[in-house]
2 protein chains.
Amino acid sequence: METRELRYFVAVAEELHFGRAAERLGMAQPPLSRAIRQLERRLGVELLERTSRTVAMTAAGETLLDEARAVLDAVEAAERRTRRAAHTTTGQPGVVLATKAGASTEFLAKLLAAYAAEPDAVPVEVILSGIGEQTRVLRDGRADVALLHLPFDDTAGFDTEELRTERQVVLLPAGHPLGARSHVLTADVTDLPGLPLPRWPEADGTYRDGPGPQADNHAQLLQLIGLGRACAIVPESGGTSGRGDVVAVPVLDAPSVTTVIAWPPHSRSRGVAGLVRTATSL
Amino acid sequence: METRELRYFVAVAEELHFGRAAERLGMAQPPLSRAIRQLERRLGVELLERTSRTVAMTAAGETLLDEARAVLDAVEAAERRTRRAAHTTTGQPGVVLATKAGASTEFLAKLLAAYAAEPDAVPVEVILSGIGEQTRVLRDGRADVALLHLPFDDTAGFDTEELRTERQVVLLPAGHPLGARSHVLTADVTDLPGLPLPRWPEADGTYRDGPGPQADNHAQLLQLIGLGRACAIVPESGGTSGRGDVVAVPVLDAPSVTTVIAWPPHSRSRGVAGLVRTATSL
DNA sequence: AGGGCCGATACCTCTCGGGTATCGATCGCA
DNA sequence: TGCGATCGATACCCGAGAGGTATCGGCCCT
């Protein structure tokens with residue numbers, strides 16, 4: 001199987017429409033039909049059930065769709081990492097670390113400082129990716145290592161080490177009646193009048209419909225809360241950043257958040273290994 | 001990047017010789033040279049340093065070699081799983097489980113029995129792969145799920161659940177002086193005169209040079225021990241199988257062995273999920 | 001100095017990937 | 001019920017490019 005065939009199949013499987021898939025691929029429909037048919041012949045498997053009006057997936061097609069996506073991610077990662085390895089030789093950054101924009105900044109600062117002090121440290125570039133983007137960025141090779149937060153991020157397919165676990169707090173505008181409480185429950189802070197939970201972008205970058213302002217980074221979030229337009233439940237360390245207009249109150253029944261450091265399983269980079277060693281011994 | 005190019009590159013990188021690589025690929029040398037050169041051009045990266053006498057890897061080449069192997073494994077897995085998914089629909093086995101031949105057989109039996117009793121159980125095919133072969137078999141799609149043993153097997157790239165941890169014992173021929181002891185240390189059983197530790201096949205299927213008989217499965221091992229030709233340190237449960245000619249003595253300072261159940265991270269198979277659920281609640 | 005090894009180059013062939021035109025089946029609609 | 005629209009498949013054509021053979025040119029060994 002060639003990656004070209006897999007790209008074609010993914011397009012058709014996602015569109016369930018040869019015409020649209022062909023358009024998306026920048027080609028005509030007939031060669032696409034032929035390519036898929038040839039793929040099916042070579043595999044000896046029916047991937048799509050076609051009538052002259054409609055296209056549907058078979059069980060085998062669903063399987064191949066999953067696997068093909070994994071392959072294409074791996075190919076993309078291979079290209080990126082190879083290019084980066086080439087430029088690294090000529091003095092560019094040694095390792096790229098992805099982290100949630102605005103989360104655990106002081107922990108990150110400690111980690112970077114401690115690692116830089118190591119004798120064999122290589123330069124570290126930090127990518128502040130959007131919410132839920134880190135796993136993508138790590139999977140497709142834009143980053144070599146990432147800080148993820150359980151149970152929100154999906155660590156499937158990566159090697160990980162747990163770094164620390166922390167409670168969650170609710171961030172409220174200063175002066176809000178609940179701000180004086182020593183603790184609250186989740187139920188206390190959902191549906192607060194005038195303080196909806198903000199909406200995060202979904203995996204595909206769109207926002208779910210519903211009430212609540214949109215935010216895709218921590219600074220925006222704090223801003224919104226300070227303005228009294230939202231509240232949010234976040235890990236303790238993603239705190240108020242010293243702002244006077246936001247207060248944090250522990251939420252007893254919210255699941256605690258574990259920060260992990262994650263990297264692609266076959267990584268053999270010296271920089272990644274060092275960073276992980278430093279992080280776990282922090 | 002097409003998988004064909006990656007296959008070519010891996011061949012050349014492994015042989016470090018265009019002529020031999022071409023032969024291995026069943027093609028002539030010139031088109032291979034051109035293909036590699038084109039890959040380098042498209043990536044904008046030098047992968048191999050060529051003189052007219054010798055071929056050497058660059059750092060970027062090393063990176064691509066790792067990544068390309070991962071991609072090719074993923075492609076192979078995609079083909080196999082797709083084919084199997086197609087035949088599954090027509091009544092073939094639902095999930096393939098790989099395990100070390102001869103290890104934890106009674107645990108495996110319990111697992112299979114418990115799973116078969118589940119209401120939504122699908123048929124399970126068991127592959128008894130050679131030592132160290134399970135991760136390979138799991139990675140390239142011949143199996144959907146495997147029982148691995150830490151710290152021997154490498155779980156990198158898989159999702160895992162720990163099942164149980166056990167001590168290790170040394171297996172000795174019946175009647176050996178140490179057989180009467182209540183426990184021993186590792187140092188007591190290395191370099192026993194006439195009882196060398198057997199050699200296992202390496203990842204590439206070859207045996208390391210050195211003393212000791214060769215064995216690649218548990219039955220052979222027990223046979224050798226019963227004959228007084230070897231001793232071996234194995235997990236408690238891989239015991240004597242009721243043979244009178246072999247005795248087991250705990251080794252206090254040997255690392256304890258953890259059995260884990262492992263599966264490819266993007267697996268969405270109902271059968272795998274059920275097996276894992278059954279195994280963890282056993 | 002010369003022979004042999006090995007990767008690169010030149011040049012040819014022919015497969016196959018991709019395009020256009022068109023067919024045939026099916027669904028919506030009057 | 002019949003007509004047009006939609007959509008995948010088929011027929012046919014063309015050109016890029018994958019792969020072959022012959023040969024070159026640099027390098028090591030003797």
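A, B, ... follow the sequence lines: proteins, then strands. Residue 1 opens every chain.
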Output the rounded distance in Å from [atom1] ([X]) to [atom2] ([N]).
{"X": "Leu25(A)", "N": "dG17(C)", "atom1": "CG", "atom2": "C1'", "answer": "14 Å"}
{"X": "Arg34(A)", "N": "dT20(C)", "atom1": "CZ", "atom2": "P", "answer": "13 Å"}
{"X": "Met27(A)", "N": "dG17(C)", "atom1": "CE", "atom2": "C1'", "answer": "8 Å"}
{"X": "Glu46(B)", "N": "dA8(C)", "atom1": "CD", "atom2": "P", "answer": "11 Å"}
{"X": "Gln29(A)", "N": "dT22(C)", "atom1": "CD", "atom2": "C1'", "answer": "12 Å"}
{"X": "Arg20(B)", "N": "dC6(C)", "atom1": "CZ", "atom2": "P", "answer": "7 Å"}

Phosphate-side-chain proximity, Ser33(B) and dA8(C), N/O vs OP1/OP2 below 4.0 Å: yes
Arg50(B) vs dC6(C): side-chain N/O to OP1/OP2 distance below 4.0 Å: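 No.
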Separation of Phe9(B) CZ from Met1(B) CE (nearest 0.5 Å):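 It comes to 10.0 Å.
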Salt bridge Arg136(A)-Asp140(A), side-chain N to carboxylate O under 4.0 Å: yes
Salt-bridge present (Arg84(A), Glu125(A); N to O < 4.0 Å): no
Non-hydrogen atoms of [X] and [Y] that approach each other most closely:
{"X": "Pro265(A)", "Y": "Phe158(A)", "result": "CD-CA, 4.2 Å"}
{"X": "Ala78(B)", "Y": "Glu67(A)", "result": "CB-CB, 3.5 Å"}
{"X": "Leu32(A)", "Y": "Ala22(A)", "result": "CD2-N, 3.4 Å"}
{"X": "Tyr115(B)", "Y": "Asp120(B)", "result": "OH-O, 4.1 Å"}

At 4.0 Å (heavy atoms only), tell me whether [X] reaches a base, stays on the sugar-phosphate, or touches nothing.
{"X": "Arg4(A)", "value": "sugar-phosphate"}
{"X": "Glu5(A)", "value": "nothing"}
{"X": "Arg37(B)", "value": "sugar-phosphate"}
{"X": "Glu2(B)", "value": "nothing"}

Glu62(A) and Thr58(A): side chain donor to acceptor below 3.5 Å: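 Per modelled atom types, Glu62(A) and Thr58(A) side chains form no pair under 3.5 Å.
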Donor + acceptor pair across side chains of Thr3(A), Glu2(B) (<3.5 Å):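 Per modelled atom types, Thr3(A) and Glu2(B) side chains form a pair under 3.5 Å.
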Interface limits on DNA chain D, where chain A has a heavy atom under 4.0 Å of a nucleotide atom: dT6(D) to dT10(D)
Interface residues of residues 9-18 of chain B with DNA chain C (non-hydrogen, below 4.0 angstrom): His17(B), Phe18(B)
